[in-house]
Amino acid sequence: MYTMKNIIKSVAMVAAIFTSAAVTAQTKDTNVYNEKVVVVGSFNPVLHNADKLNVAPSISDTASMTPEYNYSIESRRIYSLYMPESIKPARIKGEPTTRLYHNYIKLGFGNYCTPFADIYYNSTRSKDLNYGGRVYHKSSWWTLKDYGKDYTSNTEVDIFGKKIWAKNSLSANVFYNHDYSLYYGFTDTLWKTFVPNDEPQTADYSQYYNTLGLKANFRSIKTDFNRLNYEADMLITNQHDKYGSNELHTAFDADVHYGFAFWGTEKQIVGLQLHFDYFKNTGDTTLFPMQGVDTLINRNASAANYLDGATIFAAQPYFLFKAFGFKMNIGLNFAYAKNDGFKLFPNITASQTMFNEILHLTVGLNGDYIHNSWQALRTENPFVGPRCETQNTSFNKLFAEAKFNFTKKFNVHAAISYTLYKQLPFFMLDTMYRLNNVYQTVYADVNQLNITLGAAYHLDERFSFGAKGNLYNYNMKDEVIEKPLYKPNWDVYVTAAYNYNYKFYARLETGILGKMDGLNRVGNKLESEELSMKYGVHLNVEYRHTKALSFFADLDNVAYQRYYYWTNYPSKRIQFLLGVTYTIPVK
């Protein structure tokens, strides 16, 4: 049997003979190369055994439409303290460079007169420089029987770039967002009660936000231990609405940490995180919404000013200890807020992997201090009034989690947490608006119990399935509001994805929300109202005709349900969007 060394020598000898023949042949005609050499050999690339990250990268090439009843809280950058072990580089021969597709044009159109466009460009392959841009637009022009018109429009422009040096990298992007919507949550009957002789004009109940921002990130790329690593993020945004309300937000996050060996092969991390938030709110009362139309607003404009802004500074030293499969992160978050003084939040997390990585347990206690900005509040509830009240929210959370990896393809996870909130924001109808179509913020102390159970199955790239459910229990600690307004008592989410031969892709998402407590206006008072269970089904299908050309279809609210997440605001029924994606390959 030939050894690999003998095979390599034989192949080299054959190549030398044919090369000599080729050189001789060229003497006949120096302008013609009339010999071809084809060398066929076996190659078995093998990676050395090493710890690797079990991450399967994926690219989403279709539009994603989120259910209308989702809500969120303004996010803050969370730094990962996980340090992957270094592996030996593998050299694999004989693989041609993959053809790049660094741009795409996606166009679509749907019911409710919904045009859609998404244009993306990215620079070609480079080791040290990346840049590009994206332009996105989606709008809908919907008229609901017996209600105000529901016109929405969202336009985004994003220009980004990244430069990589030997020891660090710098990335930045400049973005602009225009978000237009209507306070359509009033009936024709209610309108005619106050304005019997005039038809409602969209300019009377419209709202838009223009947001201009800059993001930047500077970080070290040499993540070896026994080396000081660092990362810094900066964010500047300026949001301006139709009625003269302006919010300037400046944020800065930094993390500096050092890794060192301890107890043999175990590696520990000690570091410091810094966070700074500054909000400045301004407004012009002469532009306050709809002052000339008493039917839409009946409040003193000066009473609607919440222009204090906020300043928050936080510093958190931490120590990540690892030994014998046990990990503990110990940190203290020192926070200072304007008008609230100093606050201290413990951040302690301990985890243990057992039974040959089948069971992973985590327990912890953490807390934080955040500002409920105008941008965060209107993102959670798009029908909140301009210049709504803003306050700071603090919380302490005790939690425990368990993850069971039964196989590499199937796992189950469970968690329980108990959180103490101070000044958590809720929403209720503002009685100053006679059409019952504008919300205001109200803050209350509340304790929340959350139980989570989920499972995930990943066959391979062909099929994946996931399910997650939450049970919530709220204990209101003061008399500001008696119930947790517009918060479901439970929810369930199911996701399934299927890939057939890299030609057909399908993704199904289902969300079910339990009952919620709300308030509706009866006469001059607000009375309790129960919003029934609601569910949404979203289906995305894509057919890739070629690598450059594909067709997609998005269907939302497939169950054709008319639900209310916010009182007086009915949802659209089934929505569909059909379109095409085309990419221009790079040679």
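Quick caveat: nothing in here was measured; it's all calculated off a predicted structure.
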Taking atom types as modelled, find out whether [X] and [Y] have a side-chain donor-acceptor pair closer than 3.5 angstrom.
X	Y	result
Q273	D253	no
N168	S220	no
N372	T390	no
R378	Q239	yes
N217	E231	yes
Q423	S394	no
N405	E357	no

With a 3.5 Å distance limit and no angle check, can you tell me whether [X] reaches the backbone of [Y] through a side-chain donor-acceptor pair?
X	Y	value
R521	T431	yes
E401	I416	no
T441	E389	yes
D491	N489	no
W374	C388	yes
K534	S532	yes
S571	Y563	yes

Should we count [atom1] of [X] as having more than 12 external heavy atoms under 6.0 Å?
X	atom1	answer
K515	NZ	no
I159	CD1	no
E482	CD	no

*asked:* Please determine whether side chain to side chain contact (heavy atoms under 4.5 Å, CB included) holds for the pair D255 and H257, giving the CA-CA distance in whole Å, both sets of side-chain angles, and the decisive distance to 0.1 Å.
replied: CA-CA 7 Å; D255 177 78; H257 58 270; 2.6 Å; yes

Please report the shortest heavy-atom distance between [X] and [Y], naming the atom on each side.
X	Y	value
A455	H413	N-CE1, 3.9 Å
Y564	P570	CE2-N, 3.5 Å
F426	P484	CE2-CA, 3.7 Å
H371	I312	N-CD1, 3.8 Å
N246	H240	OD1-ND1, 3.3 Å
N347	G367	OD1-N, 3.1 Å

*Y205 and F186: aromatic ring centres closer than 6.0 Å?*
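Ring centres of F186 and Y205 closer than 6.0 Å.
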
*Assess the pair Y486 and Y439: is the distance between their ring centroids shorter than 6.0 Å?*
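Here the rings of Y439 and Y486 have centres that are less than 6.0 Å from each other.
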
Nearest 0.5 angstrom please: [X] [atom1] to [Y] [atom2], how far?
X	Y	atom1	atom2	result
T567	M516	OG1	CE	8.0 Å
N396	L365	CG	CG	6.0 Å
L129	W165	CG	CH2	9.5 Å
I370	D368	CD1	CG	7.0 Å
N450	T419	CG	OG1	7.5 Å
Q375	D179	CD	CG	10.0 Å

Do the side chains of [Y] and [X] get nearer than 4.5 Å, heavy atoms only?
X	Y	result
V494	V492	yes
E380	F427	yes
L435	Y433	no
K483	Y474	no
Y493	E509	no
S373	H249	no
N154	H178	no
Y184	Y569	yes

*Check the pair Y176 / D158 against side chain to side chain donor-acceptor pair (under 3.5 Å), numbers first and verdict last.*
CA-CA 7 Å; Y176 167 78; D158 191 2; over 6 Å; no

*Can I164 and I221 be said to form a side chain to side chain contact (heavy atoms under 4.5 Å, CB included), step by step?*
CA-CA 9 Å; I164 302 175; I221 60 177; 3.8 Å; yes

_Before you tell me yes or no, could you show the steps for N436 and L190 under side chain to side chain contact (heavy atoms under 4.5 Å, CB included), namely the whole-Å CA-CA distance, both residues' side-chain angles and the distance that decides it to 0.1 Å?_
CA-CA 9 Å; N436 302 335; L190 187 59; 4.1 Å; yes

*Establish, yes or no, whether the cationic atom of R219 lies under 6.0 Å from the six-membered ring centre of Y230 and within 45° of the ring axis.*
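R219 over Y230 ring: no.
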
*Charged N to carboxylate O below 4.0 Å: is that the case for D233 and K215?*
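Salt bridge absent between D233 and K215.
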
_side chain to side chain contact (heavy atoms under 4.5 Å, CB included), that's the test. Do E156 and V135 meet it? Break it down for me._
CA-CA 6 Å; E156 300 177 12; V135 178; over 6 Å; no

*Of the options F319, Y318, F321, which is the one that meets N329 in a side chain to side chain contact (heavy atoms under 4.5 Å, CB included)?*
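The residue from F319, Y318, F321 that satisfies side chain to side chain contact (heavy atoms under 4.5 Å, CB included) with N329 turns out to be Y318.
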
